[in-house]
Amino acid sequence: MTISGAQFMPGIELSEVLYEEAVEPILRDAFPGLRYAAARIGSGSEVLGFDTPRSADHEWGPRLEIFLTAEDQTQHGAAVRRTLTERLPKEIRGWPTHFQESDDPLDPVGRMQLTDGPVNHRVDVHDVDGWLTEQLGVRSAGAELTTREWLAMPQQRLAETTGGAVFHDGLGTLTNVRRRLTWYPDQVWRYLLACQWQRISQEEAFVGRCAEVGDDIGSAVVAARQVRDLMRLCLLLERRYAPYSKWLGSAFGQLPAAKSLKPALRGALAATDYRTREAHLCDAYESVAALQNASGLHTPVDPKRRLYHSRPFQVLRAERFAQALAETITDRDLRTLALVGSVDQWADSTDLLNQPQAILAAVHALK
């Protein structure tokens with residue numbers, strides 16, 4: 001059977017309807033007194049608010065996360081899943097609650113499909129600590145995070161953990177941990193900003209140097225990398241976790257500074273000659289430098305473009321901002337680290353996001 005006549009609605013709203021009209025009544029009837037939290041968090045474009053009708057082609061639909069205590073997860077988790085399999089309605093607002101698993105090993109996803117039998121649902125049951133270990137490599141919701149643990153957690157995963165919505169929290173634990181993870185501690189934030197400016201400084205002059213040796217494609221590639229890093233820097237300044245590449249532009253576009261910055265960024269990307277490319281990049285550098293100065297995190301730094309040493313390339317010399325920020329860092333652990341940054345600032349493989357063991361390995365490697 002196939003889906004027909006279903007009206008698209010944001011996935012978060014669909015999940016709330018699933019909880020209120022189906023899951024909550026079932027849990028109240030079948031497991032009276034059971035303490036739990038119900039939320040839509042974790043993976044999925046709807047958690048970040050970027051889902052569209054296109055999203056419905058796989059792993060989108062009536063989805064929910066139920067969180068129990070560790071003891072109740074062991075004692076009741078399987079029964080909760082089984083009861084929902086047997087009692088969930090076949091559809092919510094015209095969207096099937098049953099997900100048909102793909103037979104393609106290269107495309108192992110679930111797609112909504114009507115069924116006459118038990119519902120293979122996407123109401124996942126966890127305990128908070130177990131979910132956090134899988135999601136972030138954090139072993140306890142109540143433990144204080146170390147500096148190295150903060151640096152080892154991908155921003156996409158942090159966005160998935162703090163985004164979405166909690167519809168009910170009879171435990172309190174989930175709400176508390178989401179609050180604690182809302183944003184980096186001040187000292188970690190300053191360090192990451194310094195590292196992002198340092199990253200930008202490393203390739204500023206390469207736009208001109210590539211062009212000077214006749215490598216216009218190389219110049220354009222470097223410029224595109226700089227645009228990407230400036231966008232991520234703006235998200236850092238606005239205290240917003242940067243999603244991975246699919247949604248980076250969408251998230252950046254929601255920032256207050258995006259409207260004024262977009263012409264320069266588009267100009268740098270569209271330029272077919274080095275001088276135009278360089279001019280647009282410098283416009284963007286100066287605008288973001290002004291935003292950095294306005295943050296009040298350090299003594300203001302001259303935000304104007306300048307020559308790169310004795311070479312005829314216009315740059316910002318972004319390392320000046322990195323140094324100004326680094327001088328405000330008082331955390332002893334962070335002061336011993338080179339300005340390399342978090343896992344997002346030295347690796348951008350999506351495999352890192354999709355394999356929890358890679359996150360755990362990163363955490364242990366940084367300890």
Side-chain angles (χ1 to χ4, degrees), residues 145-156 158-159 180-207 222 225-243 248 251-252 255-258 260-261 264-265 281-309 313-348 362 366:
L145 293 174
T146 67
T147 297
R148 305 300 178 99
E149 285 173 328
W150 276 108
L151 298 182
M153 294 187 290
Q155 290 191 45
Q156 169 70 25
L158 286 163
R180 287 171 49 223
L181 293 171
T182 298
W183 190 242
Y184 297 109
D186 178 75
Q187 287 287 293
V188 175
W189 180 41
R190 290 168 184 265
Y191 172 74
L192 294 178
L193 282 167
C195 293
Q196 193 66 15
W197 279 112
Q198 186 71 10
R199 222 183 119 86
I200 289 168
S201 76
Q202 293 166 351
E203 296 194 344
E204 283 182 282
F206 295 173
V207 178
V222 173
R225 286 169 56 88
Q226 294 293 87
V227 167
R228 177 181 182 270
D229 281 340
L230 284 168
M231 291 165 63
R232 291 181 64 91
L233 176 54
C234 288
L235 286 160
L236 267 176
L237 278 167
E238 291 290 339
R239 298 174 184 246
R240 179 165 176 179
Y241 293 128
L248 178 62
F252 171 77
L255 299 181
S260 61
L261 271 170
L265 299 180
L281 274 177
C282 285
D283 288 343
Y285 292 148
E286 290 181 351
S287 294
V288 181
L291 292 174
Q292 179 65 68
N293 281 338
S295 72
L297 293 173
H298 56 81
T299 302
V301 177
D302 184 358
K304 297 299 183 183
R305 69 193 74 186
R306 62 208 55 222
L307 290 177
Y308 183 71
H309 300 292
F313 310 138
Q314 289 286 326
V315 296
L316 179 68
R317 296 297 298 272
E319 68 273 14
R320 297 176 301 123
F321 290 86
Q323 187 57 41
L325 282 157
E327 289 172 357
T328 72
I329 296 171
T330 57
D331 182 273
R332 287 185 294 178
D333 192 18
L334 289 171
R335 288 182 67 87
T336 66
L337 299 179
L339 295 182
V340 176
S342 69
V343 63
D344 298 284
Q345 291 171 311
W346 49 262
D348 60 3
L366 285 170

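The residues of the chain are indexed from 1 along the displayed sequence. If you're wondering where the values come from, they're calculated on a predicted model, not measured in any experiment.
The minimum heavy-atom distance between L235 and P243, with the atom names listed, is CD1-CD, 4.5 Å. In terms of heavy-atom proximity, L145 sits nearest to E149 at CA-OE1, 3.5 Å. Closest of all the heavy-atom pairs between R320 and L316 is NH2-O, 2.8 Å. What you find for R240 and A251 is that their closest heavy atoms are NH1-O, 3.7 Å. Nearest heavy atoms, A290 versus P303: N-CB, 4.3 Å. Across all their heavy atoms, T336 and R148 have their closest contact at OG1-NH2, 4.2 Å.
Residues passing the side-chain contact (heavy atoms from CB on, under 4.5 Å) test with F313, sequence neighbours excluded: A205, R209, E212, Y274, E278, Y308, R311. Residues that satisfy the side chain to side chain donor-acceptor pair (under 3.5 Å) test with R317, not counting sequence neighbours, are E319. Residues satisfying the side chain to side chain donor-acceptor pair (under 3.5 Å) test with T182, not counting sequence neighbours, are none.
Atoms CD1 and NE2, on I329 and H298 in that order, are 11.5 Å from each other to the nearest 0.5 Å. Within the model, atoms OG of S295 and CZ of R190 stand 8.0 Å from one another, a figure rounded to the nearest 0.5 Å. Separation of atoms CG (L193) and CZ (F321) is listed at 12.0 Å; rounding is to 0.5 Å. Interatomic distance, L334 CG to Q187 CD, rounded to the nearest 0.5 Å: 6.5 Å. Residue L339 holds its CG atom at 7.5 Å from CD of Q323, rounded to the nearest 0.5 Å. In this structure, OG1 on T328 lies 7.5 Å from CG on D186, to the nearest 0.5 angstrom.
Between the side chain of R232 and the backbone N or O of Q196 there is no donor-acceptor pair closer than 3.5 Å. The backbone N or O of A264 sits nowhere less than 3.5 Å from a side-chain atom of D283 that would complete a donor-acceptor pair. Using modelled atom types, no side-chain atom of W189 and backbone atom of L237 make a donor-acceptor pair closer than 3.5 Å. Side-chain atoms of Q345 come within 3.5 Å of backbone atoms of L192 as a donor-acceptor pair (strictly under, hydrogens ignored). The backbone N or O of I200 sits less than 3.5 Å from a side-chain atom of Q226, completing a donor-acceptor pair. Judged by distance alone, with hydrogens and angles left aside, the side-chain atoms of E204 form no donor-acceptor pair with the main-chain N or O of V315 at under 3.5 Å.
Residues W197 and V288 have side chains in contact (heavy-atom distance under 4.5 Å, counting atoms from C-beta outward). Side-chain contact check for E327 versus T299: every heavy-atom pair is 4.5 Å or farther apart. The shortest distance between side-chain heavy atoms of W346 and L151 does not fall below 4.5 Å.
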| message | The test is side chain to side chain contact (heavy atoms under 4.5 Å, CB included); show your working for L281 and Q314 and say whether it passes. | response | CA-CA 9 Å; L281 274 177; Q314 289 286 326; over 6 Å; no
| said: side chain to side chain contact (heavy atoms under 4.5 Å, CB included) for F252 and L230? Distances and angles first, verdict last. | reply: CA-CA 10 Å; F252 171 77; L230 284 168; over 6 Å; no
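By the 30° and 60° cut-offs, the orientation of the rings of Y184 relative to Y241 is perpendicular.
Taking the charged nitrogens against the carboxylate oxygens, D229 and R225 have no contact shorter than 4.0 Å, which rules out a salt bridge.
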